[in-house]
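Down below is the structure, laid out as structure tokens.
The figures here come from the full heavy-atom set of this structure, side chains too, leaving out hydrogens, waters and symmetry mates. By convention in this document, chain letters (A, B, ...) are assigned in the order of the sequence lines, proteins followed by strands, and residues within each chain are numbered from 1.
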Amino acid sequence: MIDLKLLRENPELIRMTLQKRGAQLDLDEIIKLDKNRRACITELQELKKQRNALSEEIGKLKRRANKPEELMEQARTLAEGVKTKENDCRQIEERFAELVQWLPNIPNDSVPVGSGAESNRFVRGLKAPPKPGFEVLPHWEICEALDMLDLKRAPKISGSRFILYKGMGALLERALINFFLDLHTTKHGYTEVFPPVLNPTHCLYGTGQLPKLESDMYRCHDDEFYLSPTAEVPLTNLHREEILPGKMLPIKYVAYTPCFRREAGSYGKEVRGITRVHQFNKVELVKYTAPEHGYAEFERLLEDAEAAVKALELPYRIMLLCTGDMTFASAITYDIEVYSPGMDEWLEVSSISCYEQYQARRANIRYRKSVKGVDFVYTMNGSGLATPRTFIAIVENFQTEDGRIKIPAVLKKYMGVDSIGK
RNA sequence: GGAGAGGUGGCCGAGCGGUCGAAGGCACCCGCUUGCUAAGCGGUUUCUCGUCGAAAGACGGGACGGGAGUUCGAAUCUCCCCCUCUCCGCCA
């Protein structure tokens, strides 16, 4: 949710935002509704004020054993008017709320304007991919050969685009999750959370997946739940409707969860292997901060995620996403991409976003300032990291010419071996 | 899933259909007083929306788990939903 004051005081900023993001919304309609709803509220309040005064008068008279029939008749008429006006207000309010929830966040000034990947800006890391000295097998080939993935049988139990890890593959996956959790809890000071991933509708509105990404999520048939597409949803909604003591900030959570995405409309793309799947594992970082420390904390969040790819010794780069590539609720997003020599592609393993107060307004997450007053917190999150593509990067980048996979140093204690394969 | 009990301010806890935003206590903060491991006295202390205002703020509407209803008027009555606790049943 954007600050509604902007709607009244600086509508041009919002108009520009919509244009930058390529969003089509009737802003004038929204502004008009806002005006109408406030006028309606004022009228309603005036009626209520009159009614309250009359009711009080009636109360006084009755206690003196009077029967103020005339006043009561007046009050009845007034009450009717209140009811009618309430209905009017509700209708305008509903229409307004419906439209306003479609207003995307305002991008930070440093975000490049553009519509697709070509407008994203290189920040740091490898400019060009490394050249291995031999032909690296794509992950699906090496993993089938080493019996780490069963790509043929996974569809039997779930369908296409589901991963079945097996043997050393399952162990590697588990090692990655544990390594990430340990890294962020012990080195970066995050508190581990293990949340439910079936989340109710209002939580998805809170973080901004709804209404826009409805068709990208799995919804339960008989209950009002969605399968969470990311731990951002439970972790950010953890403090919804709260006023946090200022000294509690910043709050830093890390969680491992499975993530579920329908990937509707992406068929035909990335069909081979495990690059794009319906269920995957991810370790997610979420922070709540005071606005004045928001961007400093955000840079540290990026570094925390970056530390994970560094520790795994993977070739990577960091990109600053352009307006067209960012999600709806984000003010700024960095992607960390690792290189896949088997596919000759950069793969996104982490998306680090700052929402400023956008999510906090939607989910009503505030904090008490040290001096006086309350304000919305900043929320931000980043993957630290998502496993399937990290898995790909390891089995491809750590592949040897004789068809083995070496284990990155930091994972050895989790794996108990130095390499996979004979 | 069935039966019962309950959900009130930062916390505990009262509350008759009408001066209840809500007694009392605790906590907090601010005064005053007295002086000794601290007490006493007085006062303050929520959030939200609207109007006006540059702002400080002023005025008003609203909030007692959530929503609907009855009523001139609801924390208080009715209905639905959610959550917590106890017991029973069922079950990874």
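Spacing between B:A55 and B:C41 at atom P, rounded to whole Å, works out to 43 Å. A distance of about 13 Å separates the P atoms of B:G10 and B:C64, rounded to the whole Å. The gap from the C1' atom of B:G65 to that of B:U8 amounts to 10 Å, rounded to the nearest Å. Atom P of B:G13 sits at a distance of 31 Å from the matching atom of B:G89, rounded to the whole Å. Annotation: B:G17 and B:U76 have their P atoms spaced 11 Å apart (nearest Å). Distance noted for atom C1' between B:C87 and B:A92: 22 Å (whole Å). Nucleotides B:A74 and B:C79 have their C1' atoms positioned 15 Å apart, rounded to a whole Å. A distance of about 12 Å separates the P atoms of B:A58 and B:U45, rounded to the whole Å.
A salt bridge links A:Glu144 to A:Lys152: one of the charged nitrogens lies within less than 4.0 Å of a carboxylate oxygen. The pair A:Arg90-A:Glu93 does not meet the salt-bridge criterion, since no charged nitrogen lies less than 4.0 angstrom from a carboxylate oxygen. Classification of A:Lys85 and A:Glu43 as a salt-bridged pair holds, one side-chain N sitting under 4.0 Å from a carboxylate O. A salt bridge links A:Arg15 with A:Asp28: the distance from a Lys NZ or Arg NE/NH1/NH2 to an Asp or Glu carboxylate oxygen falls below 4.0 Å. One finds no salt bridge joining A:Lys406 and A:Asp418 here, because no Lys/Arg side-chain nitrogen approaches an Asp/Glu carboxylate oxygen to under 4.0 Å.
Residues from residues 95-102 of chain A lying near RNA chain B, meaning a heavy-atom separation below 4.0 Å, are absent.
Going from atom CG of A:Leu244 over to atom P of B:G10 covers 14 Å, rounded to whole Å. The distance between atom CG of A:Leu61 and atom P of B:G17, rounded to the nearest whole Å, is 21 Å. Taking atom NZ on A:Lys35 and atom P on B:G50, their separation rounds to 15 Å, with Å as the unit. Note: CD (A:Glu46) to C1' (B:U51) measures 11 Å, nearest angstrom. With rounding to whole Å, A:Met248 atom CE is found 15 Å from B:G10 atom P. Taking atom NZ of residue A:Lys5 and atom C1' of nucleotide B:G53, one finds them 13 Å apart after rounding to whole Å. With rounding to whole Å, A:Glu93 atom CD is found 14 Å from B:G61 atom C1'. Rounded to an integer number of Å, the gap from CD1 of A:Ile92 to P of B:C49 is 18 Å.
Regarding contacts with the backbone of B:G50, a side-chain N or O of A:Arg8 is found under 4.0 angstrom from either OP1 or OP2.
The main-chain N or O of A:Arg262 is found under 3.5 Å from a side-chain atom of A:His278 such that the two form a donor-acceptor pair. Between the A:Lys252 side chain and the A:His188 main chain, a donor and an acceptor come within less than 3.5 Å of each other. Between the side chain of A:Gln359 and the backbone N or O of A:Thr207 there is at least one donor-acceptor pair closer than 3.5 Å.
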Per-nucleotide protein contact along nucleotides 64-82 of chain B, 5' to 3', at a 4.0 Å heavy-atom cut-off (B base, S sugar-phosphate only, - neither), is ------S-BS---------
Run the ring pair (Phe, Tyr, Trp, His ring centres under 6.0 Å) check on A:His239 and A:Tyr288 step by step: do they pass?
CA-CA 9 Å; A:His239 293 291; A:Tyr288 301 68; 5.0 Å; yes
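For A:Met1, the side-chain contact (heavy atoms from CB on, under 4.5 Å) criterion is met by A:Val100, A:Arg361, A:Arg362, not counting sequence neighbours.
Here A:Tyr334 and A:Phe298 bring their ring centres to under 6.0 angstrom of each other.
A heavy-atom distance below 4.5 Å is found between the side chains of A:Asp147 and A:Lys166. When side chains are defined from C-beta on, A:Tyr367 does not count as touching A:Met248, because their heavy atoms never get closer than 4.5 Å.
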What's touching nucleotides 45-47 of chain B from the protein side, N or O pairs under 3.5 Å?
from: B:C47; atom 1: OP1; to: A:Arg368; atom 2: NH1; distance (Å): 2.8
from: B:C47; atom 1: O3'; to: A:Arg366; atom 2: NH1; distance (Å): 2.9

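Stem regions annotated for RNA chain B: B:1-7 with B:82-88, B:10-12 with B:24-26, B:29-32 with B:40-43, B:46-52 with B:57-63, B:65-69 with B:77-81, counting only runs of 3 or more consecutive pairs of Watson-Crick or G-U type with both contacts under 3.5 Å.
Atom CD of A:Glu98 sits about 10.5 Å away from atom CG of A:Leu33, to the nearest 0.5 Å.
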Tell me which donor-acceptor pairs under 3.5 Å the side chains of residues 195-204 of chain A have, and how far apart each pair is, sequence neighbours excluded?
from: A:Thr201; atom 1: OG1; to: A:Glu224; atom 2: OE1; distance (Å): 2.8

